[in-house]
Amino acid sequence: MAAVPTAPPPAAADDEIVYESMPCIRIYKNRVERYFGSEFVAASTDSATGVVSRDRTISPEVSARLYLPRLDADAPAAKLPVLVYYHGGGFCLGSAFNPTFHAYFNNFAALANVLVVSVEYRLAPEHPVPAAYADSWEALAWAVSHVAGAGDEPWLADHADFSRLYLGGESAGANIAHHIAMRAGAEGLAHGAKIHGLVMIHPYFLGSNKVCSDDLDATARESLGSLWRVMCPATTGEDDPLINPFVDGAPGLEALACGRVLVCIGEGDVLRDRGRLYYDRLRASGWSGEAEIWQAPGKGHTFHLLEPLCDEAVAQDKVISEFLNR
């Protein structure tokens with residue numbers, strides 16, 4: 001289960017608060033205090049699942065934790081689907097190395113029998129958006145450098161089936177995954193690599209247009225808008241194509257560089273209808289792929305990380321696993 005945030009200290013009187021979302025983060029004009037999501041747990045062999053993890057430095061700014069499921073003794077050279085995953089956290093919280101994601105991927109890699117590349121990118125506001133997009137693209141480029149058995153990471157060179165390459169993420173990570181897939185459509189990937197599919201879990205998209213789920217929690221919805229403006233100081237607002245891919249002037253969704261997309265939403269999530277809109281607009285765009293949507297009844301934003309053993313989280317993981325293995 002995800003760690004519960006500890007009680008933060010009182011706000012300091014010597015600096016102006018620019019944004020806060022308690023009990024997780026307080027952003028002052030001159031510094032940032034994070035109370036949740038930055039805890040570190042070492043890579044390991046998980047005794048319950050047999051999944052092995054290890055960390056790789058990709059560049060001075062970018063790194064990743066890889067998860068390799070237990071291999072069949074009769075097929076030690078088996079090739080597995082690859083999931084390049086971008087964690088969420090509003091662009092300002094979370095880590096590929098924290099206990100929540102480590103526990104999640106130990107279980108998910110075993111369930112889905114996939115090789116996971118969980119990306120550590122730079123966080124805003126110290127590194128404002130679009131730094132996260134640049135780092136995430138660099139991580140994908142590193143992963144696909146192992147096509148045809150090349151590259152410096154044996155797990156990818158020996159066990160990755162790049163014909164089954166997927167991108168995924170939750171919340172802000174789903175936003176990132178979308179933009180990386182769009183960039184791949186515009187620029188292509190090295191070594192002839194192609195993205196087979198995209199997993200969008202509770203995507204963080206906004207817009208000046210009203211949707212019904214905005215009213216599920218007006219305070220949370222307002223906070224998400226304020227957060228975006230702090231994470232991306234150069235933004236034009238909620239109709240910036242980086243946070244609203246449906247706005248006039250945004251790159252057309254028909255250029256999304258994959259053949260399959262799964263969108264997961266939560267019935268009680270204030271971002272629910274933005275995710276549904278992504279699914280609807282993608283299908284209407286002329287994009288030639290196959291889109292699916294799945295809704296968790298009664299559940300809120302990123303519930304599966306907070307309640308990983310609840311029935312809805314188990315069901316969502318099964319839906320994603322089946323998507324990756326078709």
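Only this structure's heavy atoms are used, side chains among them; waters, hydrogens and symmetry mates stay out.
When all heavy atoms are compared, the tightest approach of Lys79 to Asp158 is NZ-O, 3.1 Å. Closest heavy-atom contact between Ala257 and Ala184: CB-C, 3.8 Å. Between Ile195 and Leu140 the shortest heavy-atom distance is CD1-CD2, 4.3 Å.
One finds the NE2 atom of His196 at 9.5 Å from the CZ atom of Arg326 (value rounded to the nearest 0.5 Å). Between atom SG of residue Cys92 and atom CD of residue Glu126 there is a gap of 9.0 Å, rounded to the nearest 0.5 Å. Annotation: the span from Trp228 atom CH2 to Asn244 atom CG amounts to 10.5 Å, rounded to 0.5 Å. Here the CG-CD1 distance, from Asp317 to Ile320, works out to 5.5 Å after rounding to the nearest 0.5 Å. Annotation: the span from Ile180 atom CD1 to Leu167 atom CG amounts to 7.5 Å, rounded to 0.5 Å. Rounding to the nearest 0.5 angstrom, the gap separating the CG atom in Leu198 from the CE atom in Met200 is 5.5 Å.
Trp287 contributes a side-chain N or O that, together with a main-chain N or O of Cys258, makes up a donor-acceptor pair within less than 3.5 Å. Without hydrogens or angle criteria, Asp214 side chain to Val211 main chain gives a donor-acceptor distance under 3.5 Å. Formation of a donor-acceptor pair under 3.5 Å by the His179 side chain with backbone atoms of Leu242 is found in this model. The backbone N or O of Val62 lies less than 3.5 Å from no partner atom in the side chain of Asp135, so there is not a single donor-acceptor pair. Distance alone, capped at 3.5 Å, places no donor-acceptor pair between the Ser38 side chain and the Arg34 backbone. Side-chain atoms of Ser21 never come within 3.5 Å of backbone atoms of Cys24 as a donor-acceptor pair (strictly under, hydrogens ignored). In this structure a side-chain-to-backbone donor-acceptor pair under 3.5 Å is present from Ser285 to Leu282. In this structure, Glu170 contributes its side chain and Gly88 its backbone to a donor-acceptor pair below 3.5 Å.
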**salt bridge (charged side-chain N to carboxylate O under 4.0 Å, His left out) between Arg283 and Glu292, intermediate numbers included** = CA-CA 10 Å; Arg283 293 184 69 203; Glu292 304 173 37; over 6 Å; no

**Message:** Does Arg26 form a side chain to side chain contact (heavy atoms under 4.5 Å, CB included) with Tyr28? I'd like the steps, not just the answer.
**Reply:** CA-CA 6 Å; Arg26 183 177 282 136; Tyr28 293 92; 3.0 Å; yes

**Request:** Any chance you could lay out the side chain to side chain contact (heavy atoms under 4.5 Å, CB included) test for Val270 and Leu224, step after step, and finish with the verdict?
**Result:** CA-CA 10 Å; Val270 71; Leu224 288 168; 3.7 Å; yes

**Request:** Evaluate salt bridge (charged side-chain N to carboxylate O under 4.0 Å, His left out) for Lys29 paired with Asp15, printing each intermediate quantity in order.
**Result:** CA-CA 7 Å; Lys29 186 174 182 180; Asp15 202 352; over 6 Å; no

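Within the 4.5 Å cutoff, the side chain of Arg54 has heavy atoms near those of the Glu153 side chain.
Using bins of under 30°, 30° to 60° and over 60° for the plane-to-plane angle, the ring pair Tyr204/Phe91 lands in the tilted bin. Ring geometry for Tyr85 versus Phe105: interplanar angle over 60°, hence perpendicular rather than tilted (30 to 60°).
Stacking of Arg56 on the aromatic ring of Tyr67 is not recorded, the 6.0 Å distance cut-off and the 45° axial limit not both being met. Figure legend: cation-pi geometry between Arg276 and Tyr279 absent, as NZ or CZ is not positioned both under 6.0 Å from the six-membered ring centre and within 45° of its axis. Annotation: cation-pi geometry not satisfied between Arg183 and Tyr133 (NZ/CZ under 6.0 angstrom from ring centroid, within 45° of ring axis).
In Glu254, the CD atom is crowded: over 12 heavy atoms of neighbouring residues, nucleotides or ligands sit closer than 6.0 Å. Atom CG of Asp248 sits in a sparse spot, with 12 or fewer heavy atoms from other residues, nucleotides or ligands closer than 6.0 Å. Counting non-hydrogen atoms of neighbouring residues, nucleotides and ligands closer than 6.0 angstrom, the CZ atom of Arg70 reaches no more than 12 such neighbours. Within 6.0 Å of atom CZ in Arg260, more than 12 heavy atoms from other residues, nucleotides or ligands are found, so the atom counts as buried in its surroundings.
Side chain to side chain, Tyr19 and Ser223 meet the donor-acceptor criterion of an N or O pair below 3.5 Å. For the residue pair Thr49 and Asn106, no side-chain donor N or O sits within less than 3.5 Å of a side-chain acceptor on the partner.
Note: His146 and Phe162 fail the aromatic proximity criterion, with ring centroids not under 6.0 Å apart. Side-chain rings of Tyr121 and His87 approach one another, their centers coming within less than 6.0 Å.
One hydrophobic cluster, built from ILVMFWY side chains closer than 4.5 Å, holds both Leu324 and Trp294.
When each of His304, Gln316, Glu307 is checked for a side-chain hydrogen bond (donor to acceptor under 3.5 Å, both in side chains) with Lys299, only Glu307 meets the rule.
Every residue meeting the side chain to side chain donor-acceptor pair (under 3.5 Å) condition with Asn209, not counting sequence neighbours, appears here in chain and number order: Arg274.
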